[in-house]
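Each remark here refers to the structure printed beneath this line.
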Amino acid sequence: MPLAPASISISRATSRLFALVPCAGIGERSGAQGPKQYASLAGRALVAHTLAALASVRRLTVTLVVLSPSDTQFETQVPGFGGWVSRDGGATRAESVANGLAVLGARGALDQDWVLVHDAARCLLRPAWVDALIDACIDDAVGGLLALPVADTLKAERCGRVHATVDRRALWQAQTPQMFRLGLLREALAGGTAGITDEASAVEALGHAPKLVAAPLENFKVTYPGDFELAEQLLKARAR
Ligand code: CTP
Ligand code: MG
């Protein structure tokens, strides 16, 4: 049997996998009373579902949750959480992620370790999708993300009317987790985080091409008021 290239076996032997969950937003678009991550869905806080899915991914060394400095709810809303918690959230998602990377580094994560950044608000996550992302990226030079090929015909708008129909054939909707090496991600976010809404775009700006790994629509991000009901119905259906 041919031997695997040395670099692959070295990277497998020396790289650990960390999850980083930005959870410091206010959920403005959700219309919820408090931060959407603590909305109750099917008997527990939204983010508790997210973290339970990550806890079932055996290859993850630990999950770091990045909370707002003013968060007083996490410990009561997610009792018994077995990962790491930091209250270093920033003004934007990208800032929260960048701050979380610094925390991981301070706690011993190395530049060659992988970081899987996952939105707290994607509470329908299934461990099998995370495993598929890891399998697809673990030997990749750059890393990648879960994403969904666009299904609908896309319209560009101008003043409330269709300005153009956009060719959807090469378009994907970015989801999370997004998996990159800690050193690369730190470098990508070091240039400033303005306008950055996911890790991949920051990595792309360095000239890299992250891998697209197909995932289902079900991995949607709870964003608008109607999303809570949909997420709850799906979670309840899984429990039955
Ligand atoms: N997030 C974060 N720090 C911020 C903003 C967002 O950690 N300053 C987190 C959110 O908690 C969420 C994830 O990033 O889990 C994805 O962001 P989004 O869905 O936009 O959440 P919010 O920013 O809270 O919502 P909105 O944009 O509607 O205010
Ligand atoms: Mg936001």
Side-chain angles (χ1 to χ4, degrees), residues 18-41 44-55 60 63-78 81 83-104 115-126 129-130 133 145-148 173-180 182 185-186 188-190 192-203 215 217-232 234-235:
F18 294 89
L20 193 170
V21 176
C23 187
I26 56 170
E28 198 176 0
R29 288 170 290 175
S30 74
Q33 282 297 311
K36 66 184 176 185
Q37 50 268 34
Y38 299 125
S40 178
L41 295 182
R44 65 208 290 211
L46 188 157
V47 65
H49 293 282
T50 311
L51 296 174
L54 289 169
L60 292 175
T63 294
L64 170 70
V65 185
V66 180
L67 305 174
S68 159
S70 60
D71 189 302
T72 55
Q73 298 192 61
F74 182 80
E75 283 76 11
T76 45
Q77 296 276 5
V78 191
F81 176 60
W84 293 345
V85 176
S86 85
R87 285 178 163 76
D88 289 295
T92 63
R93 179 186 177 284
E95 268 182 44
S96 297
V97 171
N99 294 349
L101 293 179
V103 172
L104 285 178
V115 181
L116 281 76
V117 179
H118 181 68
D119 294 323
R122 289 184 199 270
C123 58
L124 278 305
L125 184 69
R126 284 191 189 269
W129 305 336
V130 184
L133 177 70
L145 62 149
L146 293 187
L148 175 69
Q173 287 174 241
Q175 300 179 346
T176 68
Q178 302 201 358
M179 171 170 167
F180 297 101
L182 172 57
L185 204 46
R186 188 198 296 114
L189 295 174
T193 54
I196 300 275
T197 55
D198 74 343
E199 292 58 56
S201 58
V203 169
L217 177 61
E218 201 182 339
N219 189 28
F220 70 96
K221 182 161 66 78
V222 173
T223 303
Y224 299 112
D227 295 348
F228 294 92
E229 175 68 20
L230 177 59
E232 180 160 58
L234 290 167
L235 289 166

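Whatever order the structure lists them in is the order used to number ligands and atoms, beginning at 1. Scope of the values below: all heavy atoms of this structure, side chains included, with no hydrogens, waters or symmetry mates.
Among all heavy-atom pairs drawn from L125 and P177, the shortest one is CD1-CD, 3.8 Å.
Using a distance-only test at 3.5 Å, with no hydrogens or angles considered, a donor-acceptor pair links the side chain of H49 to the main chain of L41. At distances below 3.5 Å, at least one donor-acceptor pair connects side-chain atoms of S96 with backbone N or O atoms of G90.
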Less than 3.5 Å apart, N/O on ligand 1 and N/O on the protein: could you list those pairs with the distances?
{"from": "ligand 1", "atom 1": "3 (N)", "to": "S96", "atom 2": "OG", "distance (Å)": "2.7"}
{"from": "ligand 1", "atom 1": "7 (O)", "to": "C23", "atom 2": "N", "distance (Å)": "3.2"}
{"from": "ligand 1", "atom 1": "7 (O)", "to": "A24", "atom 2": "N", "distance (Å)": "2.9"}
{"from": "ligand 1", "atom 1": "7 (O)", "to": "S96", "atom 2": "OG", "distance (Å)": "3.3"}
{"from": "ligand 1", "atom 1": "8 (N)", "to": "G90", "atom 2": "O", "distance (Å)": "2.9"}
{"from": "ligand 1", "atom 1": "8 (N)", "to": "A91", "atom 2": "O", "distance (Å)": "3.4"}
{"from": "ligand 1", "atom 1": "8 (N)", "to": "T92", "atom 2": "N", "distance (Å)": "3.4"}
{"from": "ligand 1", "atom 1": "8 (N)", "to": "T92", "atom 2": "O", "distance (Å)": "3.3"}
{"from": "ligand 1", "atom 1": "11 (O)", "to": "A24", "atom 2": "N", "distance (Å)": "3.3"}
{"from": "ligand 1", "atom 1": "11 (O)", "to": "G25", "atom 2": "N", "distance (Å)": "3.0"}
{"from": "ligand 1", "atom 1": "15 (O)", "to": "P22", "atom 2": "O", "distance (Å)": "3.1"}
{"from": "ligand 1", "atom 1": "15 (O)", "to": "A120", "atom 2": "N", "distance (Å)": "3.2"}
{"from": "ligand 1", "atom 1": "15 (O)", "to": "A121", "atom 2": "N", "distance (Å)": "3.2"}
{"from": "ligand 1", "atom 1": "19 (O)", "to": "K36", "atom 2": "NZ", "distance (Å)": "2.8"}
{"from": "ligand 1", "atom 1": "19 (O)", "to": "K221", "atom 2": "NZ", "distance (Å)": "2.7"}
{"from": "ligand 1", "atom 1": "20 (O)", "to": "R29", "atom 2": "NH2", "distance (Å)": "2.9"}
{"from": "ligand 1", "atom 1": "21 (O)", "to": "K36", "atom 2": "NZ", "distance (Å)": "3.2"}
{"from": "ligand 1", "atom 1": "24 (O)", "to": "I26", "atom 2": "N", "distance (Å)": "3.2"}
{"from": "ligand 1", "atom 1": "24 (O)", "to": "G27", "atom 2": "N", "distance (Å)": "2.8"}
{"from": "ligand 1", "atom 1": "27 (O)", "to": "R29", "atom 2": "NE", "distance (Å)": "3.3"}
{"from": "ligand 1", "atom 1": "27 (O)", "to": "R29", "atom 2": "NH2", "distance (Å)": "3.0"}
{"from": "ligand 1", "atom 1": "28 (O)", "to": "E28", "atom 2": "N", "distance (Å)": "3.3"}
{"from": "ligand 1", "atom 1": "28 (O)", "to": "R29", "atom 2": "N", "distance (Å)": "2.8"}
{"from": "ligand 1", "atom 1": "28 (O)", "to": "R29", "atom 2": "NE", "distance (Å)": "2.9"}
{"from": "ligand 1", "atom 1": "29 (O)", "to": "E28", "atom 2": "N", "distance (Å)": "2.7"}

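Ion pairing between R93 and D198 fails under the 4.0 Å rule for side-chain N and carboxylate O. Ion pairing of E199 with R186 is absent here, as no side-chain N (NZ or NE/NH1/NH2) approaches a carboxylate O to less than 4.0 Å.
Among residues at least two apart or in separate chains, side-chain hydrogen bond (donor to acceptor under 3.5 Å, both in side chains) pairs with a member in residues 26-41 are Y38-D71.
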